[in-house]
Amino acid sequence: MSEETILYPETNYFSPLILDYLAEKDSLKEFYNRYPKIENFGPQIEEKQKSYDQSIRKDLVEVLNDQYSGLEVSERTGENIDSLASENTFTVVTGHQLNLFTGPLYFLYKIISTINLTRQLKHKYPEKNFIPIYWMATEDHDFEEINYFNLNGKKFKWNNADKRAGNTAVGKLSTEGLEEVFKLFSAEIGGGENAEYLKSLFEKGYLEHDNLTDATRFIANEIFGEYGLVIMAAGDKRLKKHFVPFVENELTKQISHSKTSETVEKINSLGYNIQVNPREINLFYLTDELRERIIEKDGKYFVHETEISWNKDEILMELKEHPERFSPNVMLRPLYQEVILPNLCYIGGGGELAYWLELKSYFEAEKITFPFLLLRNSALLQTAKQNGKRERLNISIPELFLKQHELINRKVRKISNIDIDFSPQKEHLVKQFQHMYDLAEQTDETFLGAVKAQEVKQLKGLDNLENRLLKAQKRKLKDEVERIAKLQNDLFPNRSLQERQTNFSEFYVEFGEELIKNLLENLDPLESNFKILTFGKE
């Protein structure tokens with residue numbers, strides 16, 4: 001395998017907020033605690049050790065052991081779970097939805113970034129233990145976001161007949177109905193040792209487990225268990241009970257709304273887009289049948305679009321007796337995670353980090369240590385054959401990331417035997433008109449508008465001529481244009497980053513376990529570059 005890198009700003013796929021965060025712009029420093037550099041983890045460890053409620057560790061280990069019962073647990077994962085009982089152990093967390101068959105490639109990148117950071121931390125701070133955690137978003141309820149994956153340009157969709165799919169947490173959903181997806185997947189993936197492994201992984205994961213939580217845990221454990229990954233579902237009553245005081249604050253004081261609203265205004269005033277706007281109460285009421293928002297009005301509490309309601313004393317009693325029924329939304333989940341885990345760092349994509357940056361003042365109000373925020377690794381995977389095509393087409397790595405029309409126009413101009421760039425003519429025209437502006441000012445200023453109109457008209461005429469000539473050259477160089485477009489379409493499916501579209505199985509079927517091993521070797525979570533990784537031989 002070979003690798004090349006490109007700077008994040010050169011990709012044109014990351015928001016100004018994230019690019020400025022990566023550049024450590026002063027204007028953003030009030031929105032996070034420390035920037036994730038290896039030397040900064042020392043003070044973060046000390047701060048977390050002092051603030052974390054160590055009594056939670058016992059429940060944490062107990063719940064994880066229960067969740068792993070019936071699974072084949074690797075020695076490394078088993079040791080990691082047990083070590084969570086020690087005050088010397090800390091976690092690095094990534095979270096992800098329960099996407100069908102892991103969803104897009106970046107599922108792998110998130111977890112690999114997490115595993116690799118724990119390795120680096122162990123090397124830097126050998127007297128401590130660092131555990132990679134995959135936090136499953138079992139209480140999410142957006143079924144439409146997770147019920148498909150893309151393979152070889154085709155969409156494999158789980159058409160779940162369960163009418164509750166949009167109303168309750170996806171982790172509770174039955175895996176019934178996935179036999180049809182399995183048949184289609186098996187036919188598409190073909191034969192061979194790696195293909196057979198993928199079929200077995202899908203079959204054992206979804207057809208031998210009753211719900212989406214257990215199925216996802218099995219699959220993630222099969223892929224990453226040997227590397228010590230610990231997979232957790234945080235909906236257990238034994239964990240939720242530790243969050244009760246914070247849920248009570250949310251219900252009665254609505255601290256998250258007041259604090260994050262202030263931060264949202266500040267971020268907005270700096271010219272950045274807001275990722276998530278807080279609600280007055282950032283909680284859902286969760287049962288096997290529903291997951292709906294809790295709303296407060298005139299001292300009474302209601303579950304949206306149901307007949308369920310409480311007064312203040314009643315809802316606090318419900319919280320005390322059934323903490324598992326109170327489900328944090330996207331604004332509250334980060335706090336819950338940091339309350340129950342001895343966590344140092346959260347690893348996520350640009351969108352996730354954007355909403356975490358809204359939360360620091362809320363964490364301070366609740367006296368919970370704010371974790372490091374680390375952008376997960378990003379990569380473009382290509383075969384040596386594709387890389388060879390790119391080189392023969394004389395396309396640079398940064399050019400690959402251009403919009404397709406920009407890339408094609410640039411290459412057509414480059415390979416044409418005639419000059420299709422009319423910039424010199426336009427500059428000459430502008431200079432000529434400057435003389436006419438001077439003349440008009442000296443004679444009759446009312447002619448300035450007429451001169452401007454004529455300048456615009458003639459510049460537009462040159463643009464039209466340039467575009468017509470470019471189109472003519474594209475027709476003449478049709479084969480070259482088609483090869484450029486095909487290569488880019490293969491590497492950027494749906495004109496998007498590959499990691500947001502393609503499923504890992506597309507590469508696993510060809511490269512097998514080497515895919516995971518090579519990613520682990522080449523993705524450095526603390527290196528702020530986008531990687532281009534080349535597999536195989538041409």
Side-chain angles (χ1 to χ4, degrees), residues 56 59-60 62-71 77 81 91 93-103 107 110-111 114 132-149 158 160 162 164-176 178 205-206 208-225 229-243 247 282-294 322-341 343 346-348 352:
I56 299 173
D59 289 326
L60 201 54
E62 189 179 284
V63 168
L64 285 167
N65 280 323
D66 286 352
Q67 291 181 356
Y68 270 86
S69 65
L71 276 184
T77 294
I81 292 172
T91 64
V93 176
T94 194
H96 197 63
Q97 294 171 296
L98 308 186
N99 292 72
L100 186 59
F101 210 49
T102 76
F107 172 81
K110 277 184 163 185
I111 290 175
T114 306
I133 301 274
Y134 161 37
W135 177 293
M136 292 191 291
T138 57
E139 295 186 4
D140 199 342
H141 68 290
D142 198 335
F143 182 67
E144 295 302 316
E145 282 189 4
I146 66 160
N147 68 342
Y148 68 92
F149 62 95
W158 177 18
N160 191 307
D162 189 339
R164 297 181 293 118
N167 299 323
T168 191
V170 293
K172 296 174 181 285
L173 294 179
S174 165
T175 50
E176 190 179 344
L178 277 165
Y206 293 107
E208 296 179 15
H209 290 87
D210 294 333
N211 61 63
L212 201 50
T213 295
D214 292 345
T216 305
R217 183 188 292 110
F218 174 85
I219 287 171
N221 184 58
E222 282 292 302
I223 299 172
F224 292 109
L229 181 69
V230 174
I231 303 150
M232 72 177 294
D236 194 286
K237 184 176 183 176
R238 289 166 289 180
L239 298 178
K240 285 276 184 82
K241 72 181 183 186
H242 296 287
F243 197 52
V247 174
N282 292 283
L283 288 165
F284 288 85
Y285 190 66
L286 176 67
T287 69
D288 287 343
E289 288 74 39
L290 64 88
R291 183 180 187 255
E292 285 288 355
R293 287 191 291 124
I294 296 173
H322 297 286
E324 74 281 4
R325 293 180 184 172
F326 291 79
S327 175
N329 77 353
V330 66
M331 299 303 285
L332 222 62
R333 186 201 65 78
L335 187 77
Y336 176 45
Q337 171 191 296
E338 297 302 312
V339 165
I340 66 170
L341 288 175
N343 193 45
Y346 183 76
I347 297 180
E352 290 173 285

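The basis for the numbers below is simple: all heavy atoms, side chains too, and nothing from hydrogens, waters or symmetry mates.
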request  = Looking only at non-hydrogen atoms, find the nearest pair between I133 and L341 and report the distance.
outcome  = CG2-CD1, 4.5 Å
key: Side-chain (T77) to main-chain (V230) donor-acceptor, under 3.5 angstrom   = no
Pairwise side-chain contact, V93 with E338, heavy-atom cut-off 4.5 Å (strictly under) = no
message = Within the 4.5 Å heavy-atom criterion, are I111 and T94 side-chain neighbours or not?
response = yes
task = Using a 4.5 Å cut-off on heavy atoms from C-beta on, say whether the side chain of T213 contacts that of L98.
result = yes
task = Would you sort out whether E139 and K240 count as a salt bridge (Lys or Arg N to Asp or Glu O under 4.0 Å), showing the intermediate values?
result = CA-CA 13 Å; E139 295 186 4; K240 285 276 184 82; 2.8 Å; yes
ask   = Taking the six-membered ring for Trp, is the centroid-to-centroid distance between F107 and Y134 below 6.0 Å?
value = yes
inquiry  = Within 45 degrees of the ring normal and closer than 6.0 Å to the centroid, is that where the cationic atom of R291 sits relative to F284?
reply    = yes
remark   = All heavy atoms of L286 vs all of E324, minimum pair found to be CD2-O, 4.2 Å
inquiry  = Before you tell me yes or no, could you show the steps for I231 and T216 under side chain to side chain contact (heavy atoms under 4.5 Å, CB included), namely the whole-Å CA-CA distance, both residues' side-chain angles and the distance that decides it to 0.1 Å?
reply    = CA-CA 9 Å; I231 303 150; T216 305; over 6 Å; no
query = Which atom names give the shortest non-hydrogen contact between A233 and T138, and what distance separates them?
reply = CB-CG2, 3.8 Å
query = For I219 and G205, which heavy atoms make the closest approach, and how far apart are they?
reply = CG1-CA, 4.1 Å
Residue pair L173 / N211, side-chain heavy-atom distance below 4.5 Å = no
task = Applying salt bridge (charged side-chain N to carboxylate O under 4.0 Å, His left out), name anything that partners R325, two or more places apart in sequence or on another chain.
result = E318
query = Could you state the interatomic distance from NE2 (H96) to CD1 (I347), rounded to the nearest 0.5 Å?
reply = 14.0 Å
inquiry  = Nearest 0.5 angstrom please: S327 OG to N282 CG, how far?
reply    = 11.5 Å
ask   = Should the pair D66-R238 be classified as a salt bridge under the 4.0 Å nitrogen-to-oxygen rule?
value = yes
message = Using side-chain heavy atoms (C-beta onward) and a distance below 4.5 Å, is M232 in contact with L64?
response = yes
inquiry  = With side chain to side chain contact (heavy atoms under 4.5 Å, CB included) as the criterion, how do D59 and K241 come out once you've worked through the C-alpha distance, each side chain's angles and the decisive distance to 0.1 Å?
reply    = CA-CA 10 Å; D59 289 326; K241 72 181 183 186; 3.3 Å; yes
note = Scanning both residues in full, the closest heavy-atom pair of F149 with G103 reads CB-CA, 4.3 Å
inquiry  = Let me confirm one number: the CG-CD distance from N147 to Q97, rounded to the nearest 0.5 Å.
reply    = 11.0 Å
remark   = Here the gap from F243 atom CZ to I340 atom CD1, rounded to the nearest 0.5 Å, amounts to 9.0 Å
query = What's the verdict on side chain to side chain contact (heavy atoms under 4.5 Å, CB included) for L71 and Y68, showing C-alpha distance, side-chain angles and the deciding distance?
reply = CA-CA 5 Å; L71 276 184; Y68 270 86; 4.0 Å; yes
ask   = Less than 4.0 Å between a side-chain N and a carboxylate O, is that true for E222 and R217?
value = no
ask   = Got E289 and T168 here, is their nearest side-chain heavy-atom distance under 4.5 Å?
value = no
ask   = At what distance, to the nearest 0.5 angstrom, does OG1 of T102 lie from CD1 of I223?
value = 6.0 Å
message = Between the side chains of E352 and K110, is the shortest nitrogen-to-carboxylate-oxygen separation below 4.0 Å, so that they form an ion pair?
response = yes
remark   = Test side-chain contact (heavy atoms from CB on, under 4.5 Å), reference L60, set D236, L239, I81, output is L239
key: Over all atoms of both residues, closest heavy-atom pair of E145 and N99   = O-ND2, 3.6 Å
remark   = CG (L290) and NZ (K172) are apart, to the nearest 0.5 Å, by 10.0 Å
message = Before we go on, tell me: are the rings of W158 and F101 under 6.0 Å apart, centre to centre?
response = no
query = With a 4.5 Å heavy-atom cut-off, do R333 and W135 have their side chains touching?
reply = yes
task = Determine whether L100 and Y206 make a side-chain contact, defined as any pair of heavy atoms from C-beta on separated by less than 4.5 Å.
result = yes
